[in-house]
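A quick write-up on the structure given underneath.
The figures here come from the full heavy-atom set of this structure, side chains too, leaving out hydrogens, waters and symmetry mates. The structure displayed is predicted, hence computed values, not measured ones.
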Amino acid sequence: MQIVSALFVENFEMREAAGPSTRIDMTGVMFSQASPSPVPVTLSPHLVALIFCPEGQSGSGVFEVVFRRGLDEDSEQIARNVSPFTVEPGKFTYRLVKGELDFAEYGQIFAHCRVDKDPWHIVPFTLLPPA
């Protein structure tokens with residue numbers, strides 16, 4: 001299986017289309033956010049990952065997200081989510097993760113995402129000073 005996309009979003013909705021086919025509406029895709037108040041602050045941004053399962057695979061997997069203060073695997077871990085899932089081979093599924101992230105200062109965190117023990121897919125998120 002593979003992660004097709006992973007993004008921080010404000011809103012995520014699925015809807016049916018002709019076919020039948022599925023549409024995914026994502027709004028407020030972001031890689032940064034102004035802090036709602038001076039640090040320290042805790043934020044809970046939504047991370048959505050789209051995962052594809054090729055034909056011939058089992059369709060069972062485990063989606064893991066580790067929020068870290070750096071790009072490296074040994075960077076400080078601030079939150080973690082692990083969730084098993086199933087998807088019909090040849091189709092897509094999504095995982096929605098809401099991490100509780102503590103920021104003692106403004107700066108970046110990185111969502112390290114993977115399916116099973118595959119390589120990490122990294123998504124940055126930057127907390128900016130209040131607007």
Side-chain angles (χ1 to χ4, degrees):
M1 282 188 260
Q2 65 188 49
I3 296 172
V4 175
S5 178
L7 298 165
F8 288 100
V9 299
E10 287 180 333
N11 194 26
F12 171 86
E13 292 183 35
M14 296 186 70
R15 62 183 164 89
E16 289 286 324
S21 179
T22 302
R23 297 292 182 265
I24 301 171
D25 295 323
M26 289 186 244
T27 56
V29 173
M30 62 182 152
F31 295 98
S32 64
Q33 175 182 335
S35 182
S37 61
V39 290
V41 66
T42 300
L43 297 180
S44 299
H46 290 85
L47 176 79
V48 63
L50 304 177
I51 301 167
F52 173 68
C53 179
E55 292 284 348
Q57 292 192 2
S58 74
S60 294
V62 175
F63 182 61
E64 178 181 14
V65 179
V66 180
F67 295 95
R68 298 184 181 280
R69 297 217 188 271
L71 287 168
D72 301 321
E73 274 192 67
D74 60 351
S75 296
E76 178 188 358
Q77 177 178 311
I78 55 175
R80 182 172 181 258
N81 180 282
V82 178
S83 61
F85 67 93
T86 57
V87 58
E88 185 179 332
K91 305 246 175 162
F92 290 83
T93 190
Y94 71 92
R95 299 285 93 190
L96 188 60
V97 175
K98 185 177 177 182
E100 293 215 3
L101 309 176
D102 294 325
F103 287 87
E105 58 189 35
Y106 305 109
Q108 285 187 316
I109 58 97
F110 299 88
H112 295 239
C113 310
R114 69 180 174 186
V115 174
D116 299 324
K117 297 293 182 182
D118 289 346
W120 293 105
H121 181 98
I122 299 175
V123 185
F125 181 84
T126 303
L127 181 66
L128 305 170

Legend entry - Side chain proximity check, Leu43 to Pro36, heavy atoms < 4.5 angstrom: yes
Inset, instruction - Kindly state whether the ring of Phe67 and the ring of Phe125 have centres lying under 6.0 angstrom apart. - result: no
Legend entry - Atom of Pro38, atom of Tyr106 and distance for their closest heavy-atom approach: CA-OH, 3.3 Å
Legend entry - Heavy-atom closest contact (Asp25 atom, Arg15 atom, distance): OD2-NE, 2.7 Å
Legend entry - Shared hydrophobic cluster, Phe31 / Val66 (ILVMFWY, side-chain heavy atoms < 4.5 Å): no
Legend entry - Heavy-atom closest contact (Leu101 atom, Ala79 atom, distance): CD2-CB, 4.1 Å
Inset, instruction - Spell out, yes or no, whether Val123 and Leu71 are grouped together once hydrophobic residues are joined by side-chain heavy atoms under 4.5 Å, including indirect joins. - result: no
Legend entry - Nearest atoms (heavy-atom pairs only) where Met1 meets Pro54: CA-CD, 4.1 Å
Legend entry - From Phe52 atom CZ to Lys91 atom NZ, the distance as rounded to the nearest 0.5 Å: 10.5 Å
Inset, instruction - Indicate, with yes or no, if Val48 and Met14 share a hydrophobic cluster defined by side-chain heavy-atom contacts under 4.5 Å among Ile, Leu, Val, Met, Phe, Trp and Tyr. - result: yes
Inset, instruction - Find the distance between CZ (Phe12) and CG (Leu47) and round it off to the nearest 0.5 Å. - result: 11.0 Å
Inset, instruction - Supply the atom-to-atom distance Ile3 CD1 to Trp120 CH2, rounded to the nearest 0.5 angstrom. - result: 9.0 Å
Legend entry - His112 side chain vs Glu64 backbone, donor-acceptor pair below 3.5 Å: no
